[in-house]
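Remember, it's 1-based here, ligands and their atoms both numbered in the order they're listed.
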Amino acid sequence: MSSKIVTIERHILEKQRYFPQATGELTSLLYDMALAGKMIASETRRAGLNDILGKAGTTNIYGEQQQKLDMYADSIIFKLNDHTNRVCAMASEEHEDILEIPTHYGKGNYVLLFDPLDGSTNIDVNVSVGTIFAIHRKISTGEKGTMTDMLQRGKHLVAAGYMIYGSSTMMVYSTGNGVHGFTLDPNVGEFFLSHDDIRIPEPPKFYSCNQGYEKTWTHGVRRYTKWLQGIDGEGGEPYSARYIGSMIADFHRNLLEGGVYYYPHDANKPNGKIRLLMEAQALAFIAQHAGGYGSDGVGDILDIQPHRLHQRCPLFIGNRSLVEQAENFIRQHDQDWMAQYTPYREHEVVEA
Ligand code: FDP
């Protein structure tokens, strides 16, 4: 008798069978991230009650100290991973420096980088938010995890994933062997395989960007957007616009429906806004293993050699054809910008 009920634990364990040399460390780390997702999802569902039950810094009716949701998510991920001997250091979008782990617990072979709650401006208005994570193998030789372990190219990731807290909670992950999506059944508190081997559909239908900033965009990004609208070029059918303002929700939507999300360079943010290590690398890794592509407008996000923990980058991500078209427009029209951005990308210029 064979069962078709695939829990996230079963899925991770079965995938691990293909790697006889696997120790189970990565499997357990992914499972810990799934647990973090469940805990954050549960708290997210109560977010609307914060005004009634008390906000950050106050005490709720149970006498417990309440935290803002992003701080809560941040501390849950840290606390679930700081004592397991699976990670040797962590880095969070919420903290300036590496999060060190006491040596007796920090002997793991991996570093974990995460954005605990992406799209945080959407929390208070009940719109989907998410958690993004990336896992690199420790490459430094000392006992502790170091900056060298954090500043690795995305193409060396061993795993990446995200949780999205929307109308349902989902966890999507890849270890480089397909992209798999799981939906949380809140009644039993378990993630079940709902989207096996996700491939970004062709042809794409949507584009997602904050067009309110068009005034500050470069010529290339404007022309690209006009092309998406069917105004520039051969005047094809327009793509439909969808912008939620939580990158994870926009990315997830395009992953399942086909489309491109972009947060480009502009006059105010010439090096972009999205964090390379806690956001862009993980999503570019997922996109690549679903048949898509992530670029900074110049080339593959996964090829960029990071030079600082909170480095930012422009991001164009989704169906390969749409992302390559963005690169074409930028190459043709944004030469001045490319001249000043490329040295930053190539690490010839280090930010202050
Ligand atoms: P946020 O700052 O709310 O966490 O990653 C940063 C991000 O959200 C993305 O999720 C989102 O797409 C974008 O910034 C929103 O920024 P704008 O408000 O500038 O559009």
Side-chain angles (χ1 to χ4, degrees), residues 37 40 43-44 47 56 67-74 77 91-96 113-134 154 160-166 169-170 172 206-218 221-222 224-225 228 241-257 259-287 292 294-297 301 304 306 308-318 322-323 326:
I40 299 166
E43 200 63 17
T44 309
Q67 286 177 301
K68 284 175 77 175
L69 207 49
D70 40 5
M71 300 316 295
Y72 174 81
D74 183 62
I77 296 172
S92 160
E93 190 181 300
E94 300 290 334
H95 300 270
E96 201 54 36
L113 301 103
F114 56 93
D115 176 1
L117 216 60
D118 176 64
S120 43
T121 54
N122 276 328
I123 298 169
D124 289 344
V125 288
N126 212 355
V127 172
S128 303
V129 291
T131 297
I132 306 173
F133 64 92
Y162 62 87
M163 278 70 88
I164 176 165
Y165 314 110
T169 296
M170 276 191 74
V172 175
F206 300 99
Y207 75 96
S208 313
C209 66
N210 189 341
Q211 222 159 335
Y213 297 147
E214 187 163 349
K215 183 176 153 184
T216 63
W217 283 352
T218 56
V221 175
R222 277 189 214 169
Y224 173 56
T225 309
L228 289 165
R242 294 282 189 283
Y243 188 65
I244 300 164
S246 287
M247 178 172 60
I248 201 63
D250 285 304
F251 173 81
H252 182 70
R253 193 177 199 296
N254 289 329
L255 183 70
L256 298 186
E257 296 278 307
V260 61
Y261 166 92
Y262 51 107
Y263 202 111
H265 49 288
D266 64 26
N268 298 328
K269 298 180 275 302
N271 297 330
K273 171 181 182 184
I274 304 302
R275 284 184 171 78
L276 176 63
L277 289 171
M278 290 95 181
E279 301 176 302
Q281 277 192 350
L283 298 190
F285 183 81
I286 299 272
S295 167
D296 59 355
I301 288 285
I304 301 175
R308 63 182 286 251
L309 201 53
H310 290 275
Q311 182 170 340
R312 294 171 191 267
C313 63
L315 181 62
F316 300 79
I317 193 162
L322 293 189
V323 176

Short N or O distance, [X] and ligand 1, threshold 3.5 Å exclusive:
X    : result
D115 : no
I274 : no
D250 : no
S246 : no
L117 : no

Worksheet item: Which of the atoms of ligand 1 are close to N210, meaning less than 4.0 Å from one of its heavy atoms?
Response: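 Close to N210: 17 (P), 20 (O).
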
Worksheet item: Which of the atoms in ligand 1, numbered in the order shown and given with their element, are less than 4.0 Å from a heavy-atom of S120?
Response: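 Going through ligand 1 atom by atom, the ones under 4.0 Å from S120 are 3 (O), 4 (O).
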
Does any N or O in the side chain of [X] come within less than 3.5 Å of the main-chain N or O of [Y], such that one atom is a donor and the other an acceptor?
X    : Y    : value
D118 : I248 : yes
D296 : F316 : no
T44  : I40  : yes
R275 : Q311 : no

Taking non-hydrogen atoms only, is [X] closer than 4.0 angstrom to ligand 1 via side chain, backbone, both or neither?
X    : result
F251 : neither
T121 : both
R275 : neither

If you measure only the distance, is there a donor-acceptor pair under 3.5 Å linking the side chains of [X] and [Y]?
X    : Y    : result
H95  : D74  : yes
N268 : T216 : no
D115 : T131 : no

Taking [atom] as the reference point, the nearest protein heavy atom with its distance:
atom                    : result
atom 5 (O) of ligand 1  : E279 OE2, 2.7 Å
atom 10 (O) of ligand 1 : M247 N, 2.7 Å
atom 15 (C) of ligand 1 : Y243 OH, 3.5 Å
atom 4 (O) of ligand 1  : G119 N, 3.1 Å
atom 18 (O) of ligand 1 : Y213 OH, 3.8 Å
atom 11 (C) of ligand 1 : G245 O, 3.2 Å
atom 14 (O) of ligand 1 : K273 NZ, 2.9 Å
atom 12 (O) of ligand 1 : Y261 OH, 2.8 Å

Worksheet item: Any side-chain heavy atom of L228 sitting closer than 4.5 Å to one from L322?
Response: yes

Worksheet item: Excluding sequence neighbours, so at least two apart, what forms side-chain hydrogen bond (donor to acceptor under 3.5 Å, both in side chains) with E257?
Response: none

Item to complete: Please identify each residue that fulfils ring pair (Phe, Tyr, Trp, His ring centres under 6.0 Å) with F133, with sequence neighbours left out.
Response: none

Practice prompt. Let me see the working for D266 and K269 under salt bridge (Lys or Arg N to Asp or Glu O under 4.0 Å), right down to the final yes or no.
Written response: CA-CA 5 Å; D266 64 26; K269 298 180 275 302; 3.7 Å; yes

